[in-house]
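I have placed the structure first, in the form of structure tokens, so that the comments after it can refer back to it.
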Amino acid sequence: MDSRGLEVMFPLKEKDRRVVQMLLSAGCCPRCILRFCSVGIQPTYRLSCKELFTELHKFLNDDEDKSKVVEYDQPPCKKIRLQDSEKNDSDSEQNGAVKLLSSGNVLPDDEVKTCTVCLGILQDLCETDFVKKVCAKVDSAGYHFNSLVFSVSLPPQLLVREHATWLLVKQELGQQGNILKKDDILQLKEVYKWITHPLLSEELGVPVDGKSLFELSVVFAHPETDGDCHFLATACRECFRPTKSKQSIFTRMAVVKALEKIKDGDFLQQFPHQLERPKSSCVIQEIQCTHDSIYVAGRYNKFSRNLPQTPWVIDGERKMESSVEELIGEPLKKMFKVDSLNFSSSGREDVDVRALGNGRPFAIELLNPRRATFLQNELKELQQKINSSTDKIQVRDLQIVTREAIGHMKEGEEEKTKSYSALIWTEKAIVKNDIDFLQDLQDLKLDQKTPLRVLHRRPLAVRTRVIHNMRVEYIDLHHFRLYLKTQAGTYVKEFVHGDFGRTQPNLGTLLNMTTDIVELDVESVDVDWPPKLDE
Amino acid sequence: STTLPSSTSALLLGDFPYFRCVMEVGEAPVQTFPSMVDRYFRRWYKTDVKGKQCEDHCILQHSNRICVITLAESHPLLQSGRKIKSISYQISANCSRLQNKVSGKSKRGGQFLTELAPLCRILCIDGEEYTIYSCIRGRLLEVNENILQEPSLLQKKPSTEGYIAVVLPKFEESKSITQGLINQEQYQDIISKRHKTTAAIMGNTDPTSLSDCIL
């Protein structure tokens with residue numbers, strides 16, 4: 001890069017001179033210095049620390065011999081123009097010379113010291129080696145992705161250091177008659193992303209996109225300086241609510257709020273103007289990859305009278321083998337490479353009840369899938385695989401859906417009608433005429449107290465439900481088949497046997513005899529979702 | 001219990017497997033189809049409650065630990081000739097079981113019952129009065145209001161529509177509540193012993209007559 005190009009990218013002005021000098025002596029890294037000088041040109045920050053350092057010194061030594069090249073590793077105190085001041089008056093300036101802080105604060109010998117403001121975030125922690133390290137972790141996690149969102153969590157004490165440095169610079173500029181608002185300073189996180197995003201994209205071969213479903217998150221920590229925030233708790237008590245959990249009360253939100261509130265004078269009283277030099281940079285506390293949940297929906301038929309919908313486990317003991325959830329979920333788990341899933345459906349049937357007809361709509365949330373994109377025919381293949389693996393269930397219309405679409409299903413549970421077929425036993429002998437009248441009943445209203453068999457986990461209440469219509473098929477003196485279309489949430493078994501008379505009316509009261517249910521099938525769940533797929 | 005049509009295949013009803021019925025086409029059933037009560041509940045008994053002869057109660061225990069308090073078939077009220085005048089849930093000046101109110105999933109607010117807590121008082125036309133007791137410790141969920149309007153329900157369908165109350169034992173005590181009760185087999189033993197005694201005293205050779213206990 002030729003010097004003219006650099007000049008364009010390095011728009012420091014005269015008014016910045018003192019600030020640059022002051023911040024350098026204060027132990028600030030080049031990128032942070034640029035931020036405090038409101039340099040908003042992205043490519044500038046992408047120059048290496050070494051180049052930036054050189055340029056800063058060039059800028060400072062501007063009116064001296066320009067050919068002098070500053071060695072990045074050399075202590076700059078020897079190269080910067082010094083105007084030794086006899087008086088150690090912190091606020092005075094003499095003859096336009098910059099008051100320098102005591103030499104002890106200037107970078108000593110060979111090491112590149114950790115920045116007192118960003119604690120290394122804009123130094124080694126945004127450069128190639130770091131990025132490579134993070135990407136190695138991403139590779140080992142085994143995710144498939146074609147874009148990513150990069151989120152970074154910085155330790156809250158950076159806010160305090162930023163605030164202190166702002167006050168310092170504000171004061172300095174104030175003496176020149178210039179204003180520096182906090183908003184004029186470039187945000188640390190923003191600059192961090194300017195630098196890291198292209199590096200990540202390059203290393204992983206995918207763009208960084210805020211809407212991506214795949215998230216790479218890095219959490220930084222700096223335990224050494226965690227105490228920097230503590231003084232805020234006494235200065236702004238109301239910002240820090242005690243938490244029940246062991247987590248620190250010094251959250252980013254709380255610290256931001258406190259810094260907004262605290263008066264400059266109070267802050268400076270409690271927190272040193274001269275920031276303490278950190279012994280080392282931030283460390284990576286955590287690198288985590290997560291992929292947004294993927295939702296797979298479909299409809300299932302249940303042909304077994306021995307299969308629960310969800311795994312039946314009591315006190316760690318499996319009471320019944322397998323379940324609808326596992327028969328559909330396990331193959332999906334393998335295909336999408338997830339550790340866990342959530343199964344939900346538009347209502348459910350008992351272990352001993354079949355789901356016939358078009359089946360019952362279900363949706364499975366696959367959490368943190370390592371693979372998320374599939375072609376429709378790959379899903380179709382999986383559907384066929386599930387269907388040929390068992391005769392207890394069959395699946396249809398298997399497809400990927402959005403999270404919002406799940407609402408249709410739950411709406412179905414509460415609002416849509418269901419149709420059933422029940423095999424009825426009667427205590428007294430019956431003839432065909434005895435049951436025909438049931439077909440004339442339209443929109444029969446029932447008052448159902450919470451059935452005893454679910455009362456242990458539901459509140460005691462009376463629910464009004466409607467049986468829209470019924471159809472009968474006489475079988476013999478003590479049996480007939482009853483077809484019913486009911487409102488969502490109607491307990492059919494209880495309508496048939498009466499549940500100790502707690503469902504009124506019930507089939508027994510209608511027929512004036514004891515009736516019981518031998519078999520129950522769900523004939524249809526009248527929900528229009530998920531969309532039907534052509535076979 | 002009942003027989004199934006031969007067209008029905010293997011089935012299983014209820015929230016937990018209690019009976020399995022297998023039918024062969026054209027053949028007699030291997031097992032009969034159990035009633036709703038026998039499918040879902042286990043029967044426990046307490047005889048001569050509060051020392052009163054033959055005042056036997058039957059506690060129906062669901063697998064979900066909810067219990068239904070009912071009269072055992074040997075209770076005097078269920079013997080022929082008894083006519084009920086009225087039933088009352090006002091068991092003392094301050095306490096009516098009808099005022100019982102539970103709310104929420106954890107059924108807060110229900111009156112807590114001990115084994116000998118009275119549930120209701122039943123007055124017969126002939127002046128005899130019987131008190132029905134809880135027999136188990138737990139929270140009262142509801143009492144059967146249908147028998148107030150139709151007392152004959154109690155006698156016609158004592159195990160179902162004629163139930164007295166629904167009680168929820170404490171979770172920790174759900175297994176131990178049956179310690180003070182006897183099972184169906186033990187109950188049948190006691191009943192047959194009573195008949196033998198009665199028969200011996202009465203000189204009655206019919207062992208199945210369910211006459212009142214007089215000693």
Side-chain angles (χ1 to χ4, degrees), chain A residues 303-308 312 314 319-321 350-354 422-429 449-462 473-481 493-494 496-504 506 508-509 513-521, chain B residues 1-18 20-21 23 33-37 39-41 60 62-68 70 100-110 141-142 144-147 150 153 156-157 159-164 166 168-169 171 174:
Chain A
F303 299 119
S304 165
R305 292 199 188 279
N306 239 319
L307 188 71
W312 196 325
I314 297 178
K319 294 292 176 190
M320 260 200 144
E321 232 186 270
D350 291 338
V351 170
D352 56 341
V353 175
R354 299 187 301 179
L423 176 59
I424 310 296
W425 168 82
T426 61
E427 180 191 29
K428 296 187 200 158
K449 279 196 188 159
T450 310
L452 292 183
R453 66 184 168 97
V454 300
L455 187 54
H456 62 295
R457 54 185 164 88
R458 299 259 168 87
L460 179 61
V462 182
E473 261 171 27
Y474 181 84
I475 297 176
D476 64 31
L477 289 172
H478 291 278
H479 301 91
F480 68 97
R481 206 160 260 288
K493 287 180 184 174
E494 276 68 19
V496 175
H497 60 60
D499 189 36
F500 292 77
R502 299 166 73 257
T503 285
Q504 292 283 348
N506 56 68
T509 60
M513 63 182 77
T514 302
T515 50
D516 205 348
I517 184 164
V518 179
E519 259 179 26
L520 181 62
D521 291 331
Chain B
S1 52
T2 160
T3 55
L4 287 161
S6 48
S7 53
T8 315
S9 54
L11 69 96
L12 173 70
L13 270 177
D15 271 345
F16 71 103
Y18 202 76
R20 180 165 301 188
C21 237
M23 295 294 300
F33 179 60
S35 69
M36 188 269 274
V37 171
R39 286 203 303 276
Y40 288 99
F41 298 86
L60 301 175
H62 195 286
S63 60
N64 67 16
R65 74 191 164 92
I66 286 183
C67 295
V68 185
T70 68
N100 192 66
K101 254 197 168 62
V102 292
S103 62
K105 234 189 242 184
S106 36
K107 322 295 186 295
R108 276 182 309 256
L141 297 188
E142 70 179 44
N144 188 357
E145 294 188 34
N146 294 334
I147 57 175
E150 218 190 303
L153 263 178
K156 280 192 235 161
K157 304 259 179 76
S159 291
T160 51
E161 280 99 314
Y163 75 99
I164 306 293
V166 179
L168 178 68
F171 186 77
S174 44

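The distance from atom CG of A:D499 to atom CE of B:M36, rounded to the nearest 0.5 Å, is 5.5 Å. Here CG of A:L455 is found 7.0 Å from CD of B:E142. Values are rounded to the nearest 0.5 Å. Here the NZ atom belonging to B:K156 is positioned 10.5 Å from the OG1 atom belonging to A:T514, to the nearest 0.5 angstrom. Atom CD of A:Q504 and atom CD of B:E161 lie 7.5 Å apart (nearest 0.5 Å). Rounded to the nearest 0.5 Å, atoms CD (A:E519) and CZ (B:F33) are 9.0 Å apart.
Using modelled atom types, one side-chain atom of B:N64 and one backbone atom of A:L452 make a donor-acceptor pair closer than 3.5 Å.
Residue contact with chain A, scored on non-hydrogen atoms closer than 4.5 Å, involves the side chain of B:L60 exclusively. Interface remark: B:K107 contributes side-chain atoms only to the contact with chain A (heavy atom separation under 4.5 Å). Within the 4.5 angstrom heavy-atom criterion, no atom of A:K319 approaches chain B. For chain A, no part of B:S103 is nearby; none of its heavy atoms comes within less than 4.5 Å.
Comparing A:P308, A:P459, A:G501 by heavy-atom pairs within less than 4.5 Å of chain B, the highest count is held by A:P459.
Residue A:F500 is tested with B:N144, B:V166, B:V37 for a side-chain contact (heavy atoms from CB on, under 4.5 Å); the sole match is B:V37.
Between B:I66 and A:H456, the shortest heavy-atom distance links the atoms CD1-N, 3.5 Å.
Within a 6.0 Å radius of CD in A:E427, more than 12 heavy atoms belonging to other residues, nucleotides or ligands are found.
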